[in-house]
Structure formats: C-alpha cells, structure tokens
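In what follows, every heavy atom counts, from backbone to side chain, and hydrogens, waters and symmetry copies are set aside. The shown structure was predicted, so the numbers you read here are calculated from the model rather than taken from an experiment.
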Amino acid sequence: MAKVMLEVAGLEAWYGESHILHGVSLEVREGEVVTMLGRNGAGKTTTMKSIMGMVGKRTGSIKYQGTETIGLGSNKIARLGIAICPEERGIFSSLNVEENLLLPPVVQAGGLSVERIFTLFPNLKERLKSQGTKLSGGEQQMLAIARILRTGARLLLLDEPTEGLAPVIIQQIGATIRALKEEGFTILLVEQNFRFASTVADRHYVMEHGKIVDMIPNDRIDAEMDKLHEYLGV
Amino acid sequence: MLDLEAALTQGTLGLINGAFYAMLSLGLAVIFGLLNIVNFAHGALYMLGAFVAWGLLTFLGLGYFPALILAPLIVGAIGILLERTVLKPLYKLDHLYGLLATFGVALILEGVLRNEFGVSGMPYAVPPDLRGVVDLGYMFLPRYRGWVVLVSLLVCLGTWYMIEKTRLGAYLRAATENPALVQAFGINVPVMITLTYGFGVALAGLSGVLAAPIYSVNPNMGSSLIIVVFAVVVIGGMGSILGSIITGFALGFIEGMTKVVYPEASTTVVFIIMAIVLLIKPAGLFGRA
C-alpha cells in the first residue's frame with residue numbers, strides 16, 4: 001500500500017465563535033484521489049481550509065508526509081507542497097490570465113511545465129492577456145486548477161471544482177482530474193455530486209455536522225447507494 | 001484674451017506642484033491598496049524627509065545627493081517600525097482606526113519638531129549642480145524645478161511599472177484582492193505589507209528631500225500639502241496607481257492654469273473638482289466602483 005501522504009486526526013476548527021469541526025479524522029495515501037461528500041454546511045470547505053492553514057483557530061493533528069502542520073501558517077504549509085484550489089476559485093481580477101497562472105511561486109521541483117499545462121487546458125493559452133475574471137466560469141475553474149500544477153505541490157486540495165458548471169465542462173474537469181492522478185498527484189476533492197465523484201475517486205469520506213461519519217471505497221458505491229442517499233439527503 | 005505665454009508658464013510651474021501631488025498620492029494609493037489604511041501620517045513623513053535631509057547636511061555634512069538616497073531609506077525604516085508597532089494591530093478593525101492612529105502619529109511628529117525647531121523654517125540650499133535656469137522659449141525654468149519634475153516622473157513611472165508589469169507587482173495586486181489566498185500560495189503577506197508601507201512612506205520621504213530646496217524646511221510643510229493630496233487621491237480614485245499619477249500631475253497643471261484665468265480660485269479649484277467628481281463618479285476617475 002502506498003505511504004500515507006496526509007493524516008488528519010481529531011481536527012477541530014472555529015470561525016470566530018462558531019465551532020465548525022468536531023474531531024475530523026481522515027487519511028489520504030500517495031497517488032490517491034479521495035473525495036469528501038456531505039451536505040452544505042457539513043464542514044467540507046472548513047476541513048480543506050484547515051489543512052491549508054487558512055482557518056483562524058484549529059486544534060488536533062494534521063500531518064503532511066509525517067510533518068505536523070497544525071501550528072504552521074498557510075505560507076509555510078504551502079512550502080511543504082500542498083496547494084489549494086478554493087471553492088470561489090480565487091481568480092484575481094487585477095491580474096491577467098498569464099499573471100494568474102504564474103502567480104503561485106514554485107515551492108518544489110517537479111511541477112508541470114507551462115507547456116504541459118497548456119496541453120491539459122488549451123483554452124487558457126489563447127486567453128493569456130485577458131483579465132482573469134473575464135473568462136467563463138469553466139475557464140476560470142481550469143485556470144484555478146492550472147496555476148497550482150506548476151508549483152511542485154504534490155497534494156492538491158480541490159474544493160468543489162464542478163460547482164455551477166455545465167455538464168460538458170464537468171466532464172472535462174473529470175478527465176483532467178484523472179490525468180492528474182496519472183501524473184502522480186494526490187488529490188483531496190470536495191464534492192456535492194457523488195455521481196461525478198464516483199468517476200474520479202478511489203475512496204469517499206462522508207461528512208456530517210463537522211465530523212467524518214463514513215468511508216466508502218469507490219467500488220462499494222453502488223452497494224452503499226441507499227446509505228449515501230440518506231447521508232446527502234437527495 | 002488669454003495670454004498663451006503666461007498660460008504655458010503657469011502650467012509648467014503647476015507641474016512642479018503636480019510632481020509632489022503625484023508622488024505623495026501614489027504612496028497613499030499603494031498603502032491604501034494593500035493595507036486598507038488611509039495614511040494620515042503621510043504629510044508628516046514627507047516633512048520628516050525634508051528634516052532628515054537638513055539634519056544630514058547640518059550634523060553630518062552629507063549633501064543633497066546622498067540625502068536623496070539616505071533620507072527615503074531612513075524615513076522608510078521609520079515607517080516599517082510604525083507599521084509593526086502601531087498599524088499592525090489595527091488591520092482587523094474599521095478603516096477609521098488606522099486613519100485616527102496615523103493622524104495621531106502625524107500630530108506627534110509635527111509637535112515634537114515644532115517644539116524643537118519652531119515654525120519659521122530652515123533654509124536648504126539648492127545643490128550647486130542644479131542651480132541656474134533653462135530657457136524653454138516661453139519662460140526661464142529654474143533647473144532645480146525641472147529636475148524635480150523629472151525625478152518625480154521617473155519615480156512614478158518606475159513604481160507603476162513595478163506594480164503593473166513585474167512578478168512582485170502581481171503579488172502585490174493579488175494580495176490587495178485576496179491576501180489569505182496569496183498567503184496560502186506560500187507568500188509571506190505580512191512581510192510584504194510591512195515592506196509596502198515602508199516603500200510608500202519612503203516615497204513621501206523622497207518627496208520631502210526634493211521639496212527641501214523649494215520650500216523652507218519647517219514642521220508644517222506636510223500638513224498644508226496633505227489636504228490637497230487627499231483631494232487628489234479622492235479625484236483619482238482610492239488605490240488606483242496610474243490614476244494617482246495622472247491626477248497628481250493634471251491637477252498641478254490645472255491649478256497653474258487657474259492662476260492665469262482666475263487667480264482667486266487657484267487654491268480652491270482642486271476641491272471644486274473633487275466635489276464634482278464625487279457627485280458624478282464617487283469611486284474617483286480611475287477607481288473601480
């Protein structure tokens with residue numbers, strides 16, 4: 001079995017006064033694509049932000065390749081090789097596409113070359129001088145993923161990359177995620193849409209009320225369908 | 001009938017004031033963009049730049065050109081200290097607190113220097129290399145004033161280039177929009193904020209050195225200028241880099257022209273324009289609504 005890349009244990013997190021995460025534990029192995037499923041407000045995004053160090057107060061343990069990161073600032077965590085594609089995409093309007101793409105500094109050797117990125121996202125190459133936020137929603141999502149591929153980060157946190165996108169774009173993003181898995185990236189993915197998740201992921205964690213309540217391997221997803229429906233309330 | 005020669009002369013002289021407006025409002029724009037703080041200490045730090053230049057000459061015998069480099073560095077360092085101690089705790093609070101704190105700093109700086117040196121002002125000689133006049137055809141321009149406009153233009157364009165066209169500038173613009181995400185990409189945003197404040201304040205210090213031979217060095221030189229500069233910032237649009245440069249020079253020019261057309265209005269024309277701009281385009285001419 002591949003070595004553990006990310007190990008989260010007993011993670012609690014707060015936004016101001018509100019206690020959002022109540023002891024989240026999960027692990028992601030090298031080369032895996034793992035999703036977090038759950039209803040709105042279950043704590044998926046907060047878990048992602050906690051791993052990245054973007055939440056004000058957090059306790060418990062988050063180990064990346066054996067290094068404890070719970071006390072580190074987000075810039076230090078990024079330098080270890082974790083990168084986030086946030087839910088709101090975070091494309092900068094005062095930067096053009098090229099500047100957005102080249103913004104995140106390279107933190108380690110081994111990131112994808114810009115040429116390779118353009119073969120994954122050919123649309124971006126034609127829009128390099130456009131203002132970042134003038135792109136379509138799908139292109140912005142591609143850009144948000146593309147820019148974290150050249151930094152050398154090995155663990156990618158993708159927060160709902162399919163949100164609000166047309167089915168054909170969602171398929172494209174699915175293909176991209178599978179290509180990234182081929183490249184050896186480890187991916188933790190937040191999804192609302194478990195049908196999409198089942199086309200890309202190895203395992204699924206289910207979150208409810210700030211905790212992980214279940215883990216379903218992808219090959220069991222059909223068998224566990226009733227349970228999943230109940231968790232997600234669909 | 002409008003006298004063309006007089007108009008050109010006043011317009012040219014106006015550009016000299018414009019040079020100071022541009023450099024100071026540029027510093028304010030850079031600081032406001034990233035720190036979200038209206039730096040009311042800007043005028044006092046400009047004044048401090050002039051005092052440091054004067055002090056370097058009087059106590060250390062260091063002339064104008066060394067001061068042109070050293071004074072901005074010293075004022076920038078003071079700014080960094082200020083940011084770390086006074087401003088840092090205020091970022092999470094309303095704009096108003098930063099404004100009040102920097103206003104307090106300005107009052108303290110000006111008060112201390114007023115106590116020490118009085119208000120009559122100390123002369124600072126024009127450096128020998130820049131004395132004399134240049135014949136522009138329609139007027140004789142003191143060489144030193146031409147130099148001020150030139151230096152200011154270079155500094156403004158250099159700053160614009162750095163912010164709009166370089167990697168460092170991209171970090172700065174991105175951090176202005178979403179500091180948390182830029183930090184999560186591995187960039188130390190708090191250090192960047194400190195250095196940005198230091199840089200903005202160093203621009204004020206540099207303006208102060210440039211101003212020393214034109215206006216006498218006195219503790220009130222900043223407070224009288226900064227009011228106009230804030231009007232310039234409002235007209236250009238808070239946080240707009242190019243806007244502050246263009247507006248700075250343009251308003252200096254307009255002020256000069258007003259002296260030809262209707263001299264009585266020359267000190268108020270900037271505020272009239274500000275009122276009109278606020279009515280028509282509240283975010284400023286170059287600001288994003």
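With a 4.5 angstrom heavy-atom cutoff, A:Pro86 touches chain B only via side-chain atoms. With a 4.5 angstrom heavy-atom cutoff, A:Leu157 does not touch chain B via any of its atoms.
Around atom CZ of B:Phe271, more than 12 heavy atoms belonging to other residues, nucleotides or ligands sit under 6.0 Å away. By the neighbour-count criterion of 12 heavy atoms within 6.0 Å, atom NE2 of A:His19 is densely surrounded, having more than that number from other residues, nucleotides or ligands. More than 12 heavy atoms of other residues, nucleotides or ligands sit less than 6.0 Å from atom CZ of A:Phe118. In the displayed structure, B:Tyr161 atom OH is contacted under 6.0 Å by at most 12 heavy atoms of other residues, nucleotides or ligands.
Counting heavy-atom pairs closer than 4.5 Å to chain A, the top residue among B:Gly186, B:Ala170, B:Ala180 is B:Gly186. Each of A:Lys76, A:Arg147, A:Met52 has some count of heavy-atom pairs under 4.5 Å with chain B, and the biggest count is that of A:Arg147. Comparing A:Ile82, A:Leu102, A:Ile84 by how many heavy-atom pairs each has under 4.5 Å with chain B, the most go to A:Leu102.
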Worksheet item: Can you check side chain to side chain contact (heavy atoms under 4.5 Å, CB included) on A:Asn75 and B:Ile187, steps first, answer last?
Response: CA-CA 5 Å; A:Asn75 57 322; B:Ile187 292 162; 5.8 Å; no

Worksheet entry | Verdict with supporting geometry, A:Ile148 and B:Phe185, side chain to side chain contact (heavy atoms under 4.5 Å, CB included) | CA-CA 8 Å; A:Ile148 59 174; B:Phe185 284 150; 3.8 Å; yes

Practice prompt. Assess whether side chain to side chain contact (heavy atoms under 4.5 Å, CB included) is satisfied between A:Phe92 and B:Leu181, documenting all intermediate values.
Written response: CA-CA 10 Å; A:Phe92 298 99; B:Leu181 186 57; 4.0 Å; yes

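Closest heavy-atom contact between A:Leu95 and B:Ala174: CD1-N, 3.8 Å.
With respect to the salt-bridge test (charged N to carboxylate O, under 4.0 angstrom), the residues B:Arg167 and A:Glu99 do not qualify.
The OG atom of A:Ser93 sits 10.5 Å away from atom CZ of B:Arg173, with the distance rounded to the nearest 0.5 Å.
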